[in-house]
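These notes are about the structure you will find just below.
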Amino acid sequence: MSEEPQNSLPTTKVARAARFAKTGFNVGTNYIKHYAKKAVGAESTTEDLHAANAAELYGTLSEMKGSVLKVAQMLAMEKNMLPSAYADQFAKAQYSTPPLSGPLVTKAFRDAFGKSPYQLFDAFEPEARQAASIGQVHFAQKDGKALAVKVQYPGVADSIKSDIRLVKPIALRVMGLNEAQVRPYLEEVETRLLEETDYKLELRRGQEIAAQCQALPHLEFPDYYPEYSTARILTMDWLGGQHLKEFLATNPSQEVRNQIGQALWDFYQFQFNTLHRLHADPHPGNFLMRADHGGTLGVLDFGCVKEVPADVYQLFTALLAPETIADEARLTALLTQAGVLRPTDAPAMQALYLRTMQASLELVGRPFRQPTFNFGDPAYMAALYALGDDLMADPELRKQREPRGSEHFIYLNRTYVGLFALLTELGATIDTGVVK
């Protein structure tokens, strides 16, 4: 791997706070350099400033790993939220970060099993094949089977609450909000992040969802091995295939891309509509693609699973229904139920939110209203991002900083934005299941 392995992690609250402070100092220095150059007429563009700050921030997030790096992954998927330099840097979090050194990996096994990985497995690669936000993946073999062994970084679970406490005052100051206004949203994110650190929970969810999705074609799930797994180490089959970027570099046929895209769409629709739970981390690093059998999709990482309450499911589907957009009274009632509209809103405010939500729901819900949908046309995803830009630039909306709507929509929105982005990059045309 290109990055040097890490021999230690900043795991204490003091160490992590100090690392944030150092980043803030360096970012401030970048601003000083930028404006000093401008003052003397030297060339220093805003893009240069963004690039320097993004590199500094990503370096910190990579070093700290855990919850803050997970936020970087989420931001990489929400491209319209960031200058391109930040989006490009944070996209790295979808594939790899600097790996832990061999001694730290061995220590994790001795703490968990009382044995080194070389005693547990017939073969074990000390260098990680992949390093992600809260753990890294090693290749191993046992009884002739190729295995993927995910080892969690030390101190990740303990760091999440303190990390959120570090980030929260900065976010509140920037957005001009008080803690009570954002508490439900932060609690939702914190709960999901903490769940991701529990590999026993991930193992159980992976087994359950794989079993429930057996009838869906062209999908592949790993088997898990509880005897070689703990709350911080997870062992599963090593699936073949390539991540999206590498897979597309092989120039797969349109038919193969369509079949994989269809498998992806069917997987998410079945989860949402039948299971009422979602693999809520649809970034490219969590899927493996092969041209075998006309196109096969391997699904990884059930650490982030969003359980969808029945009332939230009904509300979400009702908002996307085609008849809702045209019926202002129905839309008003649903948005009030969702907490987007409030009885105390002034008429002008209510009209603003209605207009905004009509445009958003029309665009976001478009694939759910057509029997087939061509995600290969990049204009659709570009329109989604442009809508985000327009909403952020709207002077009236910019005044309304307080978050609104159900906290459950955070991960539902994240899931579908990520799914649509994957399908667009794959260039797939899919049958949506809508009957006309």
Side-chain angles (χ1 to χ4, degrees), residues 72-84 86-95 218-219 241-272 278-291 294-301 304 320 359-392 409 411-434:
Q73 286 186 341
M74 294 174 71
L75 290 174
M77 292 163 57
E78 299 282 357
K79 295 181 179 66
N80 60 300
M81 292 174 59
L82 297 167
S84 59
Y86 289 87
D88 292 345
Q89 281 286 334
F90 290 169
K92 294 179 181 179
Q94 296 181 344
Y95 294 104
H218 315 305
L219 289 174
Q242 296 169 299
H243 294 304
L244 180 60
K245 184 178 180 181
E246 292 78 13
F247 178 71
L248 291 176
T250 67
N251 295 315
S253 69
Q254 185 64 49
E255 291 75 17
V256 166
R257 287 186 285 140
N258 287 349
Q259 182 164 297
I260 291 176
Q262 190 68 53
L264 194 57
W265 177 266
D266 292 346
F267 174 54
Y268 275 93
Q269 288 300 91
F270 179 76
Q271 288 180 92
F272 185 58
L278 284 167
H279 176 291
D281 198 5
H283 71 74
N286 284 341
F287 300 96
L288 291 167
M289 302 176 186
R290 305 198 316 268
T296 301
L297 179 73
V299 184
L300 306 172
D301 199 336
C304 184
L320 288 176
S360 300
L361 291 169
E362 190 286 319
L363 188 57
V364 172
R366 206 174 287 173
F368 300 98
R369 295 192 296 270
Q370 301 179 19
T372 61
F373 196 83
N374 178 19
F375 283 97
D377 180 358
Y380 176 67
M381 209 65 201
L384 274 180
Y385 291 139
L387 175 66
D389 289 339
D390 291 344
L391 295 181
M392 290 172 68
F409 284 8
Y411 280 87
L412 290 178
N413 293 341
R414 175 198 184 192
T415 296
Y416 279 101
V417 168
L419 173 63
F420 289 2
L422 281 172
L423 290 167
T424 298
E425 199 167 346
L426 193 57
T429 297
I430 52 104
D431 296 324
T432 64
V434 174

Please report the shortest heavy-atom distance between [X] and [Y], naming the atom on each side.
X: Leu426; Y: Met289; result: CD1-SD, 4.0 Å
X: His279; Y: Gln271; result: N-OE1, 2.8 Å
X: Leu244; Y: Pro284; result: CB-CB, 4.3 Å
X: Pro367; Y: Val364; result: CD-O, 3.4 Å
X: Tyr268; Y: Tyr416; result: O-OH, 4.2 Å
X: Tyr411; Y: Cys304; result: CE2-SG, 3.7 Å

**Item:** Asn374: side-chain hydrogen bond (donor to acceptor under 3.5 Å, both in side chains) partners, not counting sequence neighbours
**Value:**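 Asn374 satisfies side-chain hydrogen bond (donor to acceptor under 3.5 Å, both in side chains) with Thr429 only.
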
Checking the side chain of [X] only, and the main-chain atoms of [Y] only, is there a donor and an acceptor separated by less than 3.5 Å?
X: Thr372; Y: Asp431; result: no
X: His243; Y: Lys245; result: no
X: Asp281; Y: Asn286; result: no

From [X] [atom1] over to [Y] [atom2], what is the distance, rounded to the nearest 0.5 angstrom?
X: Arg257; Y: Leu423; atom1: CZ; atom2: CG; result: 12.0 Å
X: Gln269; Y: Leu278; atom1: CD; atom2: CG; result: 9.0 Å
X: Leu288; Y: Leu300; atom1: CG; atom2: CG; result: 4.5 Å
X: Asp266; Y: Leu297; atom1: CG; atom2: CG; result: 10.5 Å
X: Thr432; Y: Gln262; atom1: OG1; atom2: CD; result: 8.5 Å

**is_close_aromatic(Phe287, Phe267), centroid dist under 6.0 Å** =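 For Phe287 and Phe267, the ring centres are not under 6.0 Å apart.
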
**Request:** Describe, in one word, how the ring planes of Phe420 and Phe368 are oriented to each other, choosing from parallel (under 30°), tilted (30 to 60°) and perpendicular (over 60°).
**Result:** tilted

**Request:** For the pair Gln254 and Asn258, evaluate side chain to side chain donor-acceptor pair (under 3.5 Å) and give the outcome as yes or no after the intermediate values.
**Result:** CA-CA 6 Å; Gln254 185 64 49; Asn258 287 349; 2.7 Å; yes

**Message:** Quick check: do Leu419 and Phe375 have side-chain heavy atoms less than 4.5 Å from each other?
**Reply:**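 When only atoms from C-beta onward are counted, Phe375 and Leu419 do not touch, as no gap falls below 4.5 Å.
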
**Test log, rule side-chain contact (heavy atoms from CB on, under 4.5 Å), inputs Leu219 and Val299** = CA-CA 7 Å; Leu219 289 174; Val299 184; 4.2 Å; yes

**Request:** Only counting residues at least two apart or in another chain, list the ones meeting side chain to side chain contact (heavy atoms under 4.5 Å, CB included) with Arg366.
**Result:**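 By the side chain to side chain contact (heavy atoms under 4.5 Å, CB included) rule, Arg366 matches Glu362, Leu363, Arg369, Gln370, Phe373, Tyr380.
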
